[in-house]
Amino acid sequence: MATATQRNQSKKSPVRPVHEIRLGRIRSAIWENETTNGTRFNVTVSRLYKDGENWKDSSSFGRDDLPLVAKVLDQCHTWIFSENGNTESDEGSNDKSSF
């Protein structure tokens, strides 16, 4: 079920990530979700590649992409903690839905 904020955003414009991080061909998007328990953030990661003249993205990563994926995810983690004011308890770290 969509929250009032989500419904209002969808009427105004497409939902956009609240923050993006890019290192080389690896890009992450951080999405904000309002829940009854407060704001939660989810992260998507993709690899950009060129197919002819068109840029596309993939959720598949090769061996050489993995160090950049790790760095991008570390930066996402830092950004989310700075946004939350580091107020979440350690119990939230076991919540698989926010990843």
Side-chain angles (χ1 to χ4, degrees):
M1 176 179 258
T3 65
T5 302
Q6 290 168 330
R7 285 191 295 271
N8 288 339
Q9 286 178 346
S10 64
K11 290 179 184 177
K12 293 178 186 174
S13 63
V15 177
R16 307 237 348 135
V18 293
H19 191 67
E20 291 185 348
I21 297 171
R22 182 172 170 190
L23 291 176
R25 298 180 304 146
I26 306 301
R27 175 178 59 187
S28 68
I30 302 173
W31 304 88
E32 183 177 46
N33 297 297
E34 294 298 327
T35 71
T36 56
N37 295 324
T39 302
R40 299 285 187 212
F41 294 98
N42 294 320
V43 176
T44 56
V45 182
S46 61
R47 177 180 50 83
L48 300 170
Y49 68 95
K50 199 163 186 180
D51 184 13
E53 293 297 315
N54 300 317
W55 284 98
K56 298 184 178 184
D57 64 348
S58 172
S59 59
S60 177
F61 305 98
R63 178 197 65 201
D64 295 338
D65 297 322
L66 297 179
L68 282 179
V69 171
K71 287 177 188 268
V72 165
L73 290 175
D74 181 53
Q75 289 181 15
C76 289
H77 181 259
T78 300
W79 187 90
I80 291 169
F81 264 83
S82 70
E83 281 297 300
N84 281 342
N86 208 4
T87 58
E88 288 191 26
S89 69
D90 287 342
E91 294 175 78
S93 64
N94 293 329
D95 181 13
K96 303 279 190 265
S97 65
S98 62
F99 184 19

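Remember, it's a predicted structure, so these values are computed and weren't measured experimentally. In what follows, residues are counted from 1 in the order of the sequence shown.
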If you group Ile, Leu, Val, Met, Phe, Trp and Tyr by side-chain heavy-atom gaps below 4.5 Å, do Ile26 and Tyr49 land in one group?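 Not linked; separate clusters.
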
Quick check: do [X] and [Y] have side-chain heavy atoms less than 4.5 Å from each other?
| X | Y | value |
| --- | --- | --- |
| Thr44 | Ile30 | no |
| Leu68 | Leu66 | no |
| Gln75 | Leu23 | yes |
| Leu48 | Arg22 | yes |

For a quick test of your reading: what N or O donor-acceptor pairs under 3.5 Å do the side chains of residues 52-60 make, sequence neighbours left out?
| unit_1 | atom_1 | unit_2 | atom_2 | d |
| --- | --- | --- | --- | --- |
| Lys56 | NZ | Asp51 | OD2 | 2.9 |
| Asp57 | OD2 | Arg27 | NH2 | 3.4 |
| Ser58 | OG | Ser60 | N | 3.0 |

Going from [atom1] on [X] to [atom2] on [Y], what distance comes out if it is rounded to the nearest 0.5 angstrom?
| X | Y | atom1 | atom2 | result |
| --- | --- | --- | --- | --- |
| Glu83 | His19 | CD | NE2 | 8.5 Å |
| Asn37 | Glu34 | CG | CD | 11.5 Å |
| Ser46 | Arg25 | OG | CZ | 11.5 Å |

Mutual orientation of the aromatic rings belonging to Phe41 and Trp79 [parallel < 30°, tilted 30-60°, perpendicular > 60°]: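 The rings of Phe41 and Trp79 stand perpendicular, inter-plane angle above 60°.
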
Can a donor-acceptor pair be found, under 3.5 Å and without considering hydrogens, that links the side chain of Asp65 to the backbone of Gly62?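 Looks like yes, one N/O pair under 3.5 Å.
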
Nearest heavy-atom pair of Ile21 and Cys76: which atoms, and what distance?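 Shortest heavy-atom contact: CD1-N, 3.6 Å.
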
For Phe61 against Val69, the heavy-atom pair lying closest together: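 Smallest heavy-atom distance, with atoms named: CD2-CG2, 3.6 Å.
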
Got a sec, which residues hit side-chain hydrogen bond (donor to acceptor under 3.5 Å, both in side chains) with Thr78, two or more places apart in sequence or on another chain?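 So Thr78 forms no side-chain hydrogen bond (donor to acceptor under 3.5 Å, both in side chains) with any residue.
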
Go through the structure and list residues passing side-chain contact (heavy atoms from CB on, under 4.5 Å) with Pro67, not counting sequence neighbours.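 Once residues adjacent in sequence are excluded, Pro67 has no partner under the side-chain contact (heavy atoms from CB on, under 4.5 Å) criterion.
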
According to salt bridge (Lys or Arg N to Asp or Glu O under 4.0 Å), who are the partners of Arg16, at least two apart in sequence or on a separate chain?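 Salt bridge (Lys or Arg N to Asp or Glu O under 4.0 Å) list for Arg16, sorted by chain: empty.
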
Test side chain to side chain contact (heavy atoms under 4.5 Å, CB included) on Asn42 and Asn33 and set out the steps. CA-CA 8 Å; Asn42 294 320; Asn33 297 297; 2.6 Å; yes

